[in-house]
Amino acid sequence: MNIVFYISGLVAIVATVLVITLRNPVHSLLYLILSLLAVALIFFTIGAPFAAALEIIVYAGAIMVLFVFVIMMLNPGSEEEDRYKQLFNPKTWLGPSVLATILLLELAYVFLQNRGIPSGVQEVGPKQVGIALFGPYVLGVELASILLLAGLVGAYHLGRRSTGGRA
Amino acid sequence: MTASVPMEHGLILCAILFSLGLIGLLVRRNIIFMLMSIEVMLNAAGLAFVIAGARWGQPDGQVMFIFVLAMAAAEVAVGLTLVLQFYHRFKTLNTDAADTMRG
């Protein structure tokens, strides 16, 4: 289980370095998703499967989709032709594929070794997290809901003004 | 946690990821890359919470991670709307275009 943690950490660091150094925002976003997947695997190995699932569903699934939408709407830079050529150029997809394959092999190793339960680790499952979340932390849940509502109203207001003709 | 990976190694990983996010935020001038760097930093903070929670076998770390997640979602929604607004106004993503206040 140790080796899985260290390899995932290495993958996360490599992917994050590529995020902040690459020039193309879409490539950078791919590596950011890989970094999030590596961190999710770390969560899994230290006995936090619920946090791992949330990391993949909310972070890599929902928040990154917002980034993809905005990058597609802005469409900065290069021409259409270059983009199609890039799509079939092995250099663009080889790096993310190799890192993703490493993570997949690690996941397979964890599942084959002892049926998905990390050994020597005290697992904190969703049940305990839910009891804590809606017990002592229920005020925090309410505050988070207010924060999300404020984010929704703020995003709506800012987004409306861009098409409203002002400025 | 104590039986497998020492907590210090996990926290070192968090520190490295957070520093990379901070470097990206300071170095890049493209506003989308700056938002991505903020995501990296928030993710590193959440990782630190979960690792500390796993060290003592308590769910509190994961609860704080869920709060960080909700905060990141709200921040990204508002931040990306600001990016769109910025692009409509300045026709570029370079933050140096918005230096009216000479900051």
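Proximity of Tyr137(A) to Asp60(B): side-chain heavy atoms (C-beta onward) are separated by under 4.5 Å at one or more points. Here the side chains of Arg23(A) and Asn30(B) are not in contact, with every heavy-atom distance at 4.5 Å or above. Contact of the Leu143(A) side chain with the Phe67(B) side chain is not registered, since no non-hydrogen atoms from C-beta on lie closer than 4.5 Å.
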List the steps, then state whether side-chain contact (heavy atoms from CB on, under 4.5 Å) holds for Ile66(B) with Val141(A).
-> CA-CA 9 Å; Ile66(B) 292 171; Val141(A) 175; over 6 Å; no
Between Leu42(B) and Tyr59(A), is a side-chain contact (heavy atoms from CB on, under 4.5 Å) present by the stated rule, with each step listed?
-> CA-CA 11 Å; Leu42(B) 284 174; Tyr59(A) 245 122; 3.7 Å; yes
Begin with the C-alpha distance, continue with both residues' side-chain angles, and end with the deciding distance and a verdict on side-chain contact (heavy atoms from CB on, under 4.5 Å) for Leu36(A) and Glu39(B).
-> CA-CA 10 Å; Leu36(A) 296 175; Glu39(B) 288 306 304; over 6 Å; no
Between Leu84(B) and Leu158(A), is a side-chain contact (heavy atoms from CB on, under 4.5 Å) present by the stated rule, with each step listed?
-> CA-CA 9 Å; Leu84(B) 287 179; Leu158(A) 287 170; over 6 Å; no
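Here the straight-line distance linking atom OG1 of Thr21(A) with atom CD1 of Ile23(B) works out to 11.0 Å at 0.5 Å rounding. Interatomic distance, Ile51(B) CD1 to Phe43(A) CZ, rounded to the nearest 0.5 Å: 7.5 Å. Atoms CG and CD1, from Leu35(B) and Ile63(A) in turn, are 11.5 Å apart once rounded to the nearest 0.5 Å. Rounding to the nearest 0.5 Å gives a distance of 6.0 Å between OG1 of Thr16(A) and CG of Leu20(B). Annotation: the span from Gln85(B) atom CD to His157(A) atom NE2 amounts to 9.0 Å, rounded to 0.5 Å. Here the CD1-CD1 distance, from Ile71(A) to Ile32(B), works out to 4.5 Å after rounding to the nearest 0.5 Å.
Looking at Leu22(A), only its backbone comes within 4.5 Å of chain B, counting heavy atoms on both sides. With a 4.5 Å cut-off on non-hydrogen atoms, Ile13(A) touches chain B through its backbone and its side chain both. Heavy atoms of Ala72(B) lying under 4.5 Å from chain A belong to its backbone as well as its side chain. Heavy atoms closer than 4.5 Å to chain B are found nowhere in Ser145(A), neither backbone nor side chain.
The environment of Phe69(A) atom CZ is sparse: at most 12 non-hydrogen atoms of other residues, nucleotides or ligands sit within 6.0 angstrom.
Your options are Val40(B), Val27(B), Leu82(B), Leu47(B), and the one with the most heavy-atom pairs under 4.5 Å with chain A is Leu47(B). Heavy-atom pairs under 4.5 Å with chain B peak, among Gly151(A), Ala144(A), Ser35(A), Ala48(A), at Ala48(A). Between chain B and the residues Ala51(A), Gly154(A), Ala132(A), the largest count of heavy-atom pairs under 4.5 Å involves Ala51(A). Looking only at heavy-atom pairs under 4.5 Å with chain A, the residue among Ile16(B), Leu80(B), Val83(B) that has the most is Leu80(B). Contact count against chain A (heavy-atom pairs under 4.5 Å) is highest for Leu69(B) among Leu25(B), Val78(B), Leu69(B). Between chain A and the residues Gln62(B), Met64(B), Met71(B), the largest count of heavy-atom pairs under 4.5 Å involves Gln62(B).
Of all heavy-atom pairs spanning Ala54(B) and Ile46(A), the tightest one is CB-O, 3.5 Å.
A continuous path of hydrophobic side-chain contacts links Met72(A) to Leu66(A) [ILVMFWY only; heavy atoms under 4.5 Å]. Tyr6(A) is connected to Leu107(A) through a chain of hydrophobic side-chain contacts under 4.5 Å among Ile, Leu, Val, Met, Phe, Trp and Tyr, so both are in one cluster. Residues Leu34(A) and Val68(A) share a single hydrophobic cluster, defined by chaining ILVMFWY side chains whose heavy atoms lie under 4.5 Å apart. The same ILVMFWY cluster, assembled from side-chain heavy atoms under 4.5 Å apart, contains both Leu29(A) and Val19(A). Residues Met73(A) and Phe33(B) do not share a hydrophobic cluster, defined by chaining ILVMFWY side chains whose heavy atoms lie under 4.5 Å apart.
Checked against a 6.0 Å centroid threshold, the rings of Phe5(A) and His9(B) do not count as neighbours.
Judged purely by atom type and a 3.5 angstrom limit, Gln128(A) has no side-chain atom pairing as donor or acceptor with the backbone of Gln58(B).
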